[in-house]
Amino acid sequence: MANSKLRVRFAPSPTGQLHLGGARTALFNWLFAKHHNGSFLVRIEDTDTLRSKDEFTHQICQSMKWLGLDWDDELIFQSKRTELYLAAIQSLLESGQAYRCFATKDELDSYRSMDGSFFYPEIWRNRSENDIQSELDKNSPFTIRLKTPKEGIISFSDEIYGSIKVDNSEIDDFIIARSDGSPVYNLVVVVDDNDMKISHVIRGEDHVANTLKQIYIYDALDYTIPVFAHLPMILGPDKKRLSKRHGATGVQAYQALGFTSDALLNHLALLGWNPGTEQDIFSVQDLIKQFDIKRVQKKSAVFDIQKLHWISAQHIMALSSNSIYDSIKQLNPSWGDSYDKPFLLSVIELLKQRSKTIVDFIHTSHYFFSSPTQFDKKAMRKSWKPETTTSIIELLIIELNTVLEWNSASIEKSIKNYAEKNEISLGKIIQPTRLAISGASGGPSLFSIMELIGKNVCISRLNYAITHFPIIESDKNGS
RNA sequence: GGUCCGUUCGUCUAGUGGUUAGGACUCCAGGUUUUCAUCCUGGCAACAGGAGUUCGAUUCUCCUACGGACUACCA
């Protein structure tokens, strides 16, 4: 039965594109919601007017759609909800749980450098009405700070980390409204999560300190405190938090690299979570069915591109040629343009087992569409001996010309017959033929390639090789 | 500096008061294959260190070390 009360949200700030860490946070929220039949909302945290950009909001949404992380309801923009925050701040001020602080930034800096502490010296925490009024009369700018408790401890129970406790004295009277009156992150988040009736706040581990502060606000505003779950970080190979320094970190980059969204999701899910079985390839449905926030790791995980490649290859092998076709076309609409779909599906079928990404199909399929222009030099030197190979291939062409029904079985039969008849080892025929036809030393079954590209094309490529290969070879020697 | 969090093969991880500490990726060696890839078989490789509790600790406790996060009128 639907659990209509369970509501989670993903709250990116549009100051950059969706990166891997954000994508995983979104994924875990989404999986949690789907698993429990709850709601998954997206809120754009654009209160930093300087750094927030619409184009990033757009990019983030695009990436989420590509990943298939669909959200419920309309997008919520914090920048459009200012009255809500201002009302909360006002009530905090009126109830005496927040106060005006007229200290300037420079003033605070000098305090901090004086005693080397990082704390707010509480200079305006307990001022007389007169002091405050006189600054107000002077029109002095002020921030608004939360009057936080200083005795005892604050604690909460995290779904992943367990109980987290900190001394109240450790936490500053932090700012909830800037001197221009605008509300600050910690306040805004609490007001929104409350207003949106968020039941579970699932976010990165970098937020645990914020959670403590936010709990003060929940208490001061008399809101119900949601359940918190903090996700471990995703690290780069240097064990530092994943960032631009590590190169491709945006979801879009992985899309461009040719990973399918399911493969990326699979890998992201395994970064910090596993079902306790030995399964490592998951469909999205598998993930939804098996996801359990209690099994999320406490330890941060290093992102491993090699494993992603392997997972991707596994997904591709399991995919239908038709859906691979769609993915290729999405990435490169002009791929195999002048060929009909059944032909392209056959190409995909042949390449499927040796492709780790969608771009691999694009990169390794040229010779199905046009004659190779590049030939593997090393392979040529190894398998094309002008003295013997040329005549072998000449005779092979004659042999192939007699093949009436052009399919891989008959081609194979014909070539094997020819080899046997003339006591030539198969390799001496097949390797140069493969090189002439595909330009490479490896690839799918030669007979299948030949069937697909057709008799005439095969023979013309072989003819080209006979006349050009020795020259190419001597060119190479000469240079 | 302070606070919080973490520490099992290089990486992702399973796991238990008594196990030959399991799997996956990578890498290496074989096999299969016309080639490449797949696939199969095998191999390398880990409980950060020190105390304590205990008959027995990788597992429980404490300390140390190391790593990370946070410590803004950013979010």
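Each chain gets a letter, A, B and so on, in the order the sequences are listed, and its residues count up from 1. Computed from a predicted model, the values in this text were never measured in an experiment.
OP1 or OP2 of B:rA14 has at least one side-chain nitrogen or oxygen of A:Gln297 nearer than 4.0 Å. Applying the 4.0 Å criterion to OP1 and OP2 of B:rG68, one finds that A:Lys298 has every side-chain N and O outside that range. For the pair A:Lys299 and B:rG68, the criterion of a side-chain N or O lying under 4.0 Å from OP1 or OP2 is not met. At least one side-chain nitrogen or oxygen of A:Arg241 sits closer than 4.0 Å to the OP1 or OP2 atom of B:rC70. The phosphate of B:rA75 (OP1 or OP2) has a side-chain N or O of A:Thr47 nearer than 4.0 angstrom. OP1 and OP2 of B:rA75 both lie 4.0 Å or more from every side-chain N or O belonging to A:Asn210. The side chain of A:Arg24 places no N or O atom within less than 4.0 Å of a non-bridging phosphate oxygen (OP1 or OP2) of B:rC12. One finds no side-chain N or O of A:Lys307 lying less than 4.0 angstrom from the OP1 or OP2 phosphate oxygen of B:rA24.
Of the listed nucleotides (B:rA75, B:rA14, B:rA69), B:rA75 has the atom at the smallest distance from the side chain of A:Arg51. When the nucleotides B:rU34, B:rA37, B:rA69 are ranked by their closest atom to the side chain of A:Asp206, B:rA69 comes out on top. With distances taken from any side-chain atom of A:Tyr161 to the nucleotides B:rU26, B:rG6, B:rA37, the minimum falls on B:rG6. Comparing atom distances between the A:Gln314 side chain and each of B:rC73, B:rA75, B:rC39 picks out B:rC39 as nearest. Of all nucleotides listed (B:rC5, B:rU13, B:rU11), B:rU13 comes nearest to the side chain of A:Ala301. When distances are taken from the side chain of A:Asp304 to each of B:rU13, B:rC25, B:rA75, the shortest belongs to B:rC25. Residue A:Asp280 places its side chain closer to B:rA24 than to any other of B:rA75, B:rU11, B:rA24.
One N or O donor and one acceptor, one from the side chain of A:Ser179 and one from the base of B:rC73, sit under 3.5 Å apart. Between the side chain of A:Asp46 and the base of B:rA75, no donor-acceptor pair under 3.5 Å is found. The base of B:rU35 has none of its N or O atoms less than 3.5 Å from a complementary donor or acceptor on the side chain of A:Ser445.
Neither side chain, A:Ser414 nor A:Lys416, offers a donor N or O lying under 3.5 Å from an acceptor on the other. For the residue pair A:Tyr216/A:Asn168, the side-chain donor-acceptor check at 3.5 Å is satisfied.
A distance of about 12 Å separates the C1' atoms of B:rA46 and B:rU7, rounded to the whole Å.
The residue A:Gly427 sits apart from the nucleic acid: no heavy atom pair falls under 4.0 Å. A:Gly204 comes within contact range of no nucleotide atom at all, as no heavy-atom separation falls under 4.0 Å. A:Ala103 comes within 4.0 angstrom of a base, heavy atoms only. In this structure, A:Glu45 reaches the sugar-phosphate backbone alone: every heavy-atom distance under 4.0 Å involves primed, P, OP1 or OP2 atoms, never a base. At the heavy-atom level, A:Lys352 lies nowhere under 4.0 Å from the strands shown. Among the atoms of the strands shown, none is found under 4.0 Å from any heavy atom of A:His309.
Comparing A:Trp273 and A:Phe447 by the nucleotide of RNA chain B that holds the closest heavy atom to each, the one mapping nearer the 5' end is A:Trp273. Place A:Leu426 and A:Glu278 on RNA chain B by their nearest nucleotides, and A:Glu278 ends up nearer the 5' end.
Looking at residues two or more places apart in sequence or on another chain, you find a salt bridge (charged side-chain N to carboxylate O under 4.0 Å, His left out) between A:Asp238 and A:Arg245.
Taking the side chain as every heavy atom from C-beta outward, A:Arg81 and A:Arg43 never approach each other to under 4.5 Å.
Under the 4.0 Å criterion applied to side-chain N and carboxylate O atoms, A:Arg51 and A:Asp48 are assigned as salt-bridge partners. Ion pair A:Arg125/A:Asp172 not flagged as a salt bridge, since none of the NZ, NE, NH1 or NH2 atoms sits closer than 4.0 Å to an Asp/Glu carboxylate oxygen.
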